[in-house]
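Since the model is a prediction, treat every value here as computed from it, not as a measurement. Hydrogens, waters and symmetry mates are skipped; everything else that's a heavy atom, side chains included, is used.
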Amino acid sequence: MNKRKLIITTLLFSSLMSINAAAQTDVHVLDVGQGLSVLIESNGHYMLYDGGDSDKSSYVISYLHQEGVTALDYVVASHYDSDHLNGVVGALNTFPVSTVWGPDYETGTRVFESFRSVIAAKGLSCTQPDVGSQIQLGDAMIQVLAPSGSDYSEANNYSIAIRVQDGSTSFLITGDAEAESEAQMTASGLNLDSDVYVMGHHGSGTSTSWDLLQAAVPEFAVLSCGAGNSYSHPHIESMEKLEVMEIPLFRTDKQGTIVASSDGASITWNVEPCNDYSPGDPNDKPAKPASYIDFSLDSSLDPSLDPSSEASSSGQEAADVVYWTPGGKSYHNSQECSTLSRSKTILSGSLNDALNAGKDDPCNVCVR
C-alpha cells in the first residue's frame, strides 16, 4: 500500500467502541506490564496472541469481555515464558476456544503444566502451525512466519511469529523471537513487509535486528513492556534503530493499551505515537559505535559524497563534513552521534549537500 495513506488519529477511548464497530480488523496490544498480550478481532472473529503474566490475567479476561468476546477462534501461546502464558491459561479457562497454537517444545514450569491440563480438560489439542501456512480470521488473513527450527538454544526463538493482513494493511507480531529466528524469517522468502511491527522481546537488544527491520520496513512500531522492569527493557540498541529509521513509536509502559484499527485501506489509532525512544536503563550504552560508512547507495551518483574520492579530498575540509542517513531527515556533525550508531548506511558531505538531499533538520543530540 501507499504507506502515506496511513492516518494517525487521536480518539477518545470512550468513543473507541463505536469507531471500532465500523473497522474490519482491530489489533489491541494490551497493557500487561512486563509481558505481551495481543487481541486480534476481525468481523466478529477473535484471536488471542499471548496473555501476559499471572498478575494481568484478570485484566486480559475483563478486557476481552469488554470487547464483546464470547468465544475465541484461536488462542496462540507464542512460547511458554510465564509473562506470555499465564493469561493464556486464564483465557482458556474462561472462554470456549476452537483452536490452540503453541510451539513444539516443553518446559517444567507450573504454568506450562496448567496450560497442558486445561487443554486436556477441554478436549483440545495444541499444535505448532507450519511456517507459511495461512488461516482466515474474519476479514484478515494470518500467515505463520516462525519458528523454522527445532533445536534452538534459546527458547525465545521457538516463538510463533505471524503476519496479519487486512486489505492493504498489515501487522507483524513476533513474540520473543530473537535474531536467530528473525534471520530465518528474512531468509524464508515470505512477505514480511508490514505497516505495524509489534516489537520482539519487549524491545530487547537480542531482537529487532537490522535484517528484520529492512525486510518489514514498518511505518509504525508498538512496544509492550513494563515501566521500571528488571530487564531494563527496552534496550538502547532497539530504540536507536527505530529512531534512526524515524519509525513512530507507541509504548504500553508510557501510554497503556494501544489499539490499531484497520478498514483494509488505512489504520487509525486510539492514541498518537509517544516517540519516546529512551531505554529502560537511562545509563544503557550502545554495544559498539558505528564501525563504517557505506556509500553504496549514493557515492556512484555523486563521488563527492565519498571522502575517499579525489573530488571530496580536494574540495572539502574535514571540519565542514556533516553526516546523514538515506531515510532520515536530520544532518549530524559527528559520525559517532548515538542516533547514528546503529545505522548501516551513513552518507557524508558538506552542509549544502545535506540540505540539497533534503536533510534540513539539525540533530538535537550532536548539533548545538
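Under the 3.5 Å distance criterion, with hydrogens and angles disregarded, no donor-acceptor pair is assigned to the side chains of Ser350 and Asn352. Inspection of the Asp83 and His202 side chains reveals an N or O donor paired with an N or O acceptor under 3.5 Å.
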Run Asn86 and Ser57 through side chain to side chain donor-acceptor pair (under 3.5 Å) and show every step you take. CA-CA 7 Å; Asn86 267 299; Ser57 181; over 6 Å; no
Quick one: do Ser98 and Asp73 satisfy side chain to side chain donor-acceptor pair (under 3.5 Å)? Show the steps, please. CA-CA 5 Å; Ser98 298; Asp73 298 81; 5.2 Å; no
Please step through side chain to side chain donor-acceptor pair (under 3.5 Å) for the pair Glu178 and Asn156, ending with a clear verdict. CA-CA 7 Å; Glu178 299 187 355; Asn156 286 336; 2.9 Å; yes
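Taking the side chain to side chain donor-acceptor pair (under 3.5 Å) definition, one finds that Tyr59 meets it with Thr257, sequence neighbours left out.
Here the side chain of Asp276 pairs a donor or acceptor atom with the backbone of Ser278 at under 3.5 angstrom. A distance-only check finds no donor-acceptor pair linking the side chain of Thr25 to the backbone of Asp263 [under 3.5 Å]. Remark: side-chain polar atoms of Glu219 are not paired, donor with acceptor, to backbone N or O of Asp195 under 3.5 angstrom.
Between His201 and His79, the gap from one ring centroid to the other reaches at least 6.0 Å. Centroid-to-centroid, the aromatic rings of His28 and Tyr63 come within less than 6.0 Å.
Under the 4.5 Å side-chain heavy-atom criterion for ILVMFWY residues, a single connected hydrophobic cluster contains both Leu124 and Leu85.
No option in Val196, Ile173, Val198 other than Val198 meets the side chain to side chain contact (heavy atoms under 4.5 Å, CB included) test with Val29.
Ring geometry for Phe95 against His65 counts as tilted: the plane angle lies between 30° and 60°, on a 0 to 90° scale. Between Tyr158 and Tyr152, the ring planes are perpendicular. Angles over 60° get that label, and only those under 30° would be called parallel. The aromatic rings of Phe115 and Phe112 sit tilted relative to each other, their planes meeting at an angle between 30° and 60°.
Between Arg110 and Glu113 there is no salt bridge, since none of the side-chain N atoms of the basic residue sits less than 4.0 Å from a carboxylate O of the acidic one.
Between Val32 and Asp53, the closest side-chain pair of non-hydrogen atoms is not below 4.5 Å.
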